[in-house]
Every structure is written in structure tokens, then in C-alpha cells.
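First up is the structure itself, then whatever we jot down about it.
Count residues from 1 along the sequence.
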Amino acid sequence: MLGPLLAIACLSLAGAADERVSEARLLVQKRILNRYLVEGRDIIVDYNIYNVGGSVALDVRIVDSSFGGDFQVVSGLLDLKVDRLPPNANLSHTVVVRSSKPGRFNFTGAEVYYRTSEEGREVQVGHTSEPGEGGIVPGRDFDRQFSPHVMDWLAFAVMSLPVPRDSLPPVARQRVQVRRHSEAVQETLTGPLYQRQISYRQ
């Protein structure tokens, strides 16, 4: 008598598990793709939506209200709506924001809303993963540390270029001629011919 009851209970649990798996179930990941967070520079926020359930997810909506007045949306939507997401499918969405001031900021999760079936009117509510706290560095400090100093190198290259003699002013030309004459005299006085004449005189 006990055996049939256990079998019925197991079948009931299996049926309930199959029913739960057959419904739509969303897993949403929120990530910050930047290596450095800089004031006034683009911050790339990536959302990945996965439907791991067995049916279509309907009226999917992701609302991210974590970015307040200190952030400006450059591209993308912080309130994303998707009509349908099939089972075993995924969807990616990217938002670019900019921070107007440096400091520590806690990147919290976004809210997720969706329906699990055509018949059901109940809306499932969830949250994305949380990237966590990060530091937004001032733009001036970032440029001082990581700037390639292109202008400095360009000025150095221009100063290192050879200057044609014809382009020099008259005073500079006279200086070049005097310098060359002194070098020629010094070379004559230290040359082997001059040393030989000195030895003959001795």
C-alpha cells in the first residue's frame, strides 16, 4: 500500500518540476566593461539577458535607475523593453554613460520585469547582478598619468630637425662661418703636417 502512494508522490513532484521548468525564467547580468573609470569619459554598461526556461518570456522590461543626476546617458536605453524572448535565447544591450564628477560609486543592479506565459497576467520581478563599487578618477589625474605626451614629443622632434644655412639670419651665418673657420684652424694646428713641420724646425 505504501509503494503506490510513494510513486504517486514522486510523479506529482516531477510534474510540478516540469511545470516550473516549462515556464520562462530570465537571468540578467549587468557588467561594467571599462578597465578605468574616468570623469567625463565613456563608461560602457553591458546587460546580458538569458531565458533559461522552457517557454517564451513576454513583455520583458529592464529598468536601471541607479545612474542619478551625476551621470549623462550618451547612447542606449536605461529603460529597455522587449516583446518576446524565446526559450534558450539571449539578448545583449549596451548603454554608454558619463560621470560629471569623480569619487566612489556603487553600481547596483537593475530591475527586471516579465511574464512567463500568454495566459498568465502575473508579472515576475527580479534584479540583475550587481557590478559593485568602483572609483571614478578625475580626468586631469588620468591624463597626467596615462597621456602619451604627443605634443611634447612633437615639439622635441621639431627642435631636433636640421636647419638649412640659407634660412639662418645674417648674424647666425657669420657665427657659423667663424665657428667653421676656427674648427679648420684647430684641425690644421693639430694635423700631422703641422706636427712634422715642428719636428723639422727643432
Side-chain angles (χ1 to χ4, degrees), residues 1-137 139 142 146:
M1 187 67 182
L2 186 59
L5 292 177
L6 290 176
I8 293 174
C10 292
L11 290 175
S12 300
L13 292 176
D18 292 338
E19 184 178 356
R20 287 195 299 269
V21 172
S22 63
E23 293 183 349
R25 183 184 177 188
L26 298 185
L27 299 178
V28 186
Q29 182 185 32
K30 175 183 176 180
R31 298 182 301 165
I32 305 297
L33 301 184
N34 295 67
R35 183 177 180 182
Y36 300 103
L37 305 178
V38 186
E39 171 195 11
R41 304 287 181 87
D42 291 350
I43 299 176
I44 304 174
V45 187
D46 184 62
Y47 304 87
N48 289 316
I49 312 169
Y50 304 91
N51 185 359
V52 296
S55 61
V56 179
L58 304 171
D59 300 332
V60 180
R61 183 182 179 189
I62 298 178
V63 181
D64 195 342
S65 56
S66 61
F67 298 102
D70 296 332
F71 288 87
Q72 173 190 1
V73 179
V74 179
S75 64
L77 298 174
L78 294 178
D79 190 345
L80 175 67
K81 297 179 181 179
V82 180
D83 294 334
R84 303 170 64 88
L85 186 63
N88 300 321
N90 66 290
L91 175 67
S92 296
H93 179 64
T94 301
V95 178
V96 179
V97 298
R98 290 179 183 175
S99 175
S100 60
K101 68 177 185 179
R104 304 295 297 180
F105 183 78
N106 187 21
F107 295 92
T108 58
E111 296 179 346
V112 182
Y113 306 91
Y114 64 98
R115 291 191 300 114
T116 58
S117 63
E118 294 279 0
E119 297 79 11
R121 295 297 177 183
E122 182 180 359
V123 177
Q124 303 293 324
V125 181
H127 294 83
T128 67
S129 59
E130 298 184 359
E133 187 175 2
I136 301 175
V137 300
F142 181 83
F146 295 99

Output the distance between atom [atom1] ([X]) and atom [atom2] ([Y]), rounded to the nearest 0.5 Å.
X: Ile136; Y: Asn34; atom1: CD1; atom2: CG; value: 10.0 Å
X: Thr116; Y: Glu23; atom1: OG1; atom2: CD; value: 4.5 Å
X: Phe71; Y: Ile43; atom1: CZ; atom2: CD1; value: 5.0 Å

Salt bridge present between Asp64 and Lys30 (N-O < 4.0 angstrom):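 Salt bridge present between Asp64 and Lys30.
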Check ion pair Glu118-Arg84 (N to O, under 4.0 angstrom): yes
Sole candidate of Asp46, Leu37, Ile44 that passes side-chain contact (heavy atoms from CB on, under 4.5 Å) when paired with Ile32: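 Result: among Asp46, Leu37, Ile44, Leu37 is the only option passing the side-chain contact (heavy atoms from CB on, under 4.5 Å) with Ile32.
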Passing candidate, side-chain contact (heavy atoms from CB on, under 4.5 Å) with Ile49, options Leu27, Val112, Ile62, Asn90: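 In the set Leu27, Val112, Ile62, Asn90, the residue that makes a side-chain contact (heavy atoms from CB on, under 4.5 Å) with Ile49 is Ile62.
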Derivation of the side-chain hydrogen bond (donor to acceptor under 3.5 Å, both in side chains) call for Ser99 and Asp70: CA-CA 6 Å; Ser99 175; Asp70 296 332; over 6 Å; no
Side-chain touch Tyr47/Leu80, heavy atoms, less than 4.5 angstrom: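 Tyr47 vs Leu80: side chains apart.
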Ser66 side chain vs Phe107 backbone, donor-acceptor pair below 3.5 Å: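 No, Ser66 side chain to Phe107 backbone: no donor-acceptor pair under 3.5 Å.
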Backbone of Ser117 reached by a side-chain donor or acceptor of Arg115 within 3.5 Å: yes
Candidate pair Glu111 and Val125, rule side-chain contact (heavy atoms from CB on, under 4.5 Å), full reasoning: CA-CA 7 Å; Glu111 296 179 346; Val125 181; 5.6 Å; no
CD/Glu133: more than 12 non-hydrogen atoms of other groups inside 6.0 Å: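 Result for CD/Glu133: enclosed.
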Heavy atoms from other residues, nucleotides or ligands near CG of Asp83 exceed 12 (cutoff 6.0 Å):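 No, CG of Asp83 has 12 or fewer neighbouring heavy atoms, counting only those of other groups under 6.0 Å.
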